[in-house]
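Residue numbers run from 1 in the order of the sequence given. Just so we're clear, the structure is a prediction, and the values are computed from it rather than from any experiment.
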Amino acid sequence: MGGWAIAVHGGAGVDPNLPKERQEEAKQLLTRCLNLGISALRSSLPAIHVVELVVRELESDPLFNSGCGSALTEKGTVEMEASIMDGPGRRCGAVSGVTTVKNPISLARLVMEKSPHSYLAFSGAEEFAKQQGVEMVDNDYFITEDNVGMLKLAKEANSILFDYRIPIIGSDSCSAAVENPIQMNGLPISIYAPETVGCVVVDGQGRCAAATSTGGLMNKKVGRIGDSPLIGAGTYACDLCGVSCTGEGEAIIRGTLARDVAAVMEYKGLGLQEAVDFVIDKRLDGGKAGLIAVSGTGEVAYGFNSVGMFRGCATEDGFMEVGIWE
C-alpha cells in the first residue's frame with residue numbers, strides 16, 4: 001500500500017476575471033475541507049466515510065454549486081443531485097431532483113446502504129429521505145441572493161448560465177462572454193464554469209471511494225439531470241481508483257469519463273496520471289471538463305482542459321496542494 005491520499009474539487013471552468021477575494025475564499029474552503037479529510041484519514045476512518053464527510057462540508061457552504069448555494073432552475077427553484085461510490089464491491093448510490101434534503105450526498109449514501117436500488121429521483125428520492133429521517137429544509141434554504149441575481153442575468157441573456165458566481169456588478173464586461181461560445185449538444189452557451197463539488201479518497205487500507213454533488217446549471221430546464229449522479233460518468237470507484245468529474249455534463253456523460261479512467265488503467269495498463277491525461281485529451285470530443293482521482297496504491301492526480309479548476313489534494317507523506325489555475 002502507498003498510504004492514504006485525498007483530493008477535492010469545487011468545479012472546472014473558472015472565469016479568468018474572478019475577483020482575487022473570491023479566489024482566496026475558494027482556496028480557504030478547499031483547504032478546510034482537505035484538513036477535515038486528512039484528520040479523518042489519520043483517525044483511520046474508511047474512504048467511504050471520508051468522501052461523504054468532505055462533500056457534506058462543501059454542500060453546507062454556499063461558495064460552490066451544491067447544497068446551500070446551488071444553481072437555480074429556470075423557475076427559480078433548486079434541484080440537486082449527488083452520487084457516491086465505494087470501491088470495494090463497487091457499491092453505489094445516487095439521487096436527482098432533490099429539493100428539500102439538506103445534504104444530498106448523505107441521501108445518496110443511504111440509497112446505497114438502506115435501499116435495494118442504486119438511484120432514486122425526484123418525489124421518490126424525497127419520500128425515501130423522509131422515511132430515513134434525514135434532515136429536511138425548505139427549498140429557500142438553498143437559494144442565495146447572488147444566485148437570484150445570476151438567474152435574472154441568465155434570463156435576460158436567454159441563456160443557460162454556467163458561472164453563477166461571476167459578480168453581477170460589471171457583468172456587462174465579463175470575460176466569459178466569449179467571441180466563440182462553447183456549444184453543448186450543438187447549441188451555443190454563454191459561460192462555462194459549473195463549479196460542482198467532489199471528493200476522492202484512498203484510505204490506508206487501499207480502499208477507494210468517490211463522491212460528487214451539484215445543483216446543476218443556472219437557468220437549467222426543470223428535470224434536467226447532469227453527469228454528477230450518473231455512476232461511470234461523474235463518479236466512479238473500484239479497486240484501481242476513485243474518480244469525481246466536473247464540467248460540461250453532457251460531454252462527461254457521452255465520454256463516460258469517470259469509468260474510462262479505470263478502464264484505461266485496467267485495459268491499457270496506464271498509471272493514474274497517464275489515465276487522467278488520456279481521458280481528458282481523448283474522451284471529451286470538444287467538451288470542457290476536469291476530474292480528480294486517486295489510485296488504490298496511494299497516488300493522487302487531476303486534469304482539466306478548461307481555463308481552471310478549483311482543486312486541492314494531499315497525501316500521507318505530507319504533500320498538500322490547493323490551486324485554481326494550470
Side-chain angles (χ1 to χ4, degrees), residues 7 9-16 64-66 70-71 73 79-83 85 94 96 119 154 159-164 176-198 200 210-221 223-236 241-265 270 273-293 301-311 326:
H9 72 72
V14 185
D15 180 67
F64 291 132
N65 177 16
S66 66
S70 285
T73 70
E79 291 182 354
M80 299 166 291
E81 45 197 27
S83 62
M85 190 164 186
S96 284
Y119 195 163
S159 172
I160 294 172
L161 201 63
F162 281 75
D163 191 351
Y164 72 105
V178 294
E179 292 182 3
N180 299 307
I182 296 167
Q183 292 195 344
M184 176 174 285
N185 282 348
L187 299 175
I189 52 95
S190 299
I191 295 177
Y192 181 75
E195 303 187 12
T196 289
V197 307
V200 293
T212 311
S213 180
T214 191
L217 311 180
M218 183 64 73
N219 201 28
K220 67 181 180 180
K221 289 186 178 298
R224 182 262 184 181
I225 294 173
D227 68 287
S228 296
L230 301 184
I231 299 301
T235 305
Y236 191 74
C241 62
V243 183
S244 174
C245 300
T246 172
E248 185 185 331
E250 279 66 12
I252 294 170
I253 292 168
R254 293 194 304 271
T256 58
L257 212 64
R259 163 60 184 156
D260 221 38
V261 173
V264 296
M265 290 179 71
L270 299 186
Q273 188 65 61
E274 288 180 298
V276 169
D277 293 342
F278 180 87
V279 299
I280 292 292
D281 184 51
K282 302 295 185 182
R283 295 293 186 258
L284 282 168
D285 301 322
K288 298 293 183 181
L291 62 86
I292 53 173
Y302 64 84
F304 56 94
N305 65 355
S306 52
V307 174
M309 180 170 74
F310 295 101
R311 83 273 179 184
E326 190 67 65

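- The CG atom of Asp277 sits 9.5 Å away from atom CG of Leu270, with the distance rounded to the nearest 0.5 Å.
- Listed here is the closest heavy atom pair of Ala289 and Leu257: CB-CD2, 4.4 Å.
- The CD1 atom of Ile231 sits 12.5 Å away from the CZ atom of Arg259 when rounded to the nearest 0.5 Å.
- Side chains of Ser213 and Ser66: no donor on one and acceptor on the other come within 3.5 Å.
- By the 4.5 Å heavy-atom criterion applied to side chains, Lys288 and Phe304 are not counted as neighbours.
- In terms of heavy atoms, Arg224 sits closest to Gly249 at NH2-CA, 4.1 Å.
- For the atom pair NZ (Lys282) and CD1 (Ile280), the distance works out to 13.0 Å, reported to the nearest 0.5 Å.
- Counting heavy atoms from C-beta outward, Tyr236 and Val261 have side chains that stay 4.5 Å or more apart.
- We find the CG-CD1 distance between Leu291 and Ile252 to be 8.0 Å, quoted to the nearest 0.5 Å.
- Using a distance-only test at 3.5 Å, with no hydrogens or angles considered, a donor-acceptor pair links the side chain of Glu81 to the main chain of Gly226.
- For the atom pair CZ (Arg254) and CZ (Arg283), the distance works out to 13.5 Å, reported to the nearest 0.5 Å.
- When every heavy atom of Glu79 is checked against every heavy atom of Gly223, the shortest pair comes out as OE1-N, 3.0 Å.
- Put simply, the side chain of Gln273 gets close to the backbone of Tyr302: a donor and an acceptor are under 3.5 Å apart.
- Between Thr212 and Ser244, the shortest heavy-atom distance links the atoms OG1-OG, 2.7 Å.
- Closest approach of Asn65 and Ala71 over heavy atoms only: OD1-N, 2.8 Å.
- The two residues Cys245 and His9 come nearest to each other via the heavy atoms O-NE2, 3.6 Å.
- In this structure, Arg311 CZ and Ile292 CD1 are separated by 11.0 Å, a value rounded to the nearest 0.5 Å.
- Side-chain contact annotation: Tyr119 with Ser83, donor-acceptor N/O pair under 3.5 Å absent.
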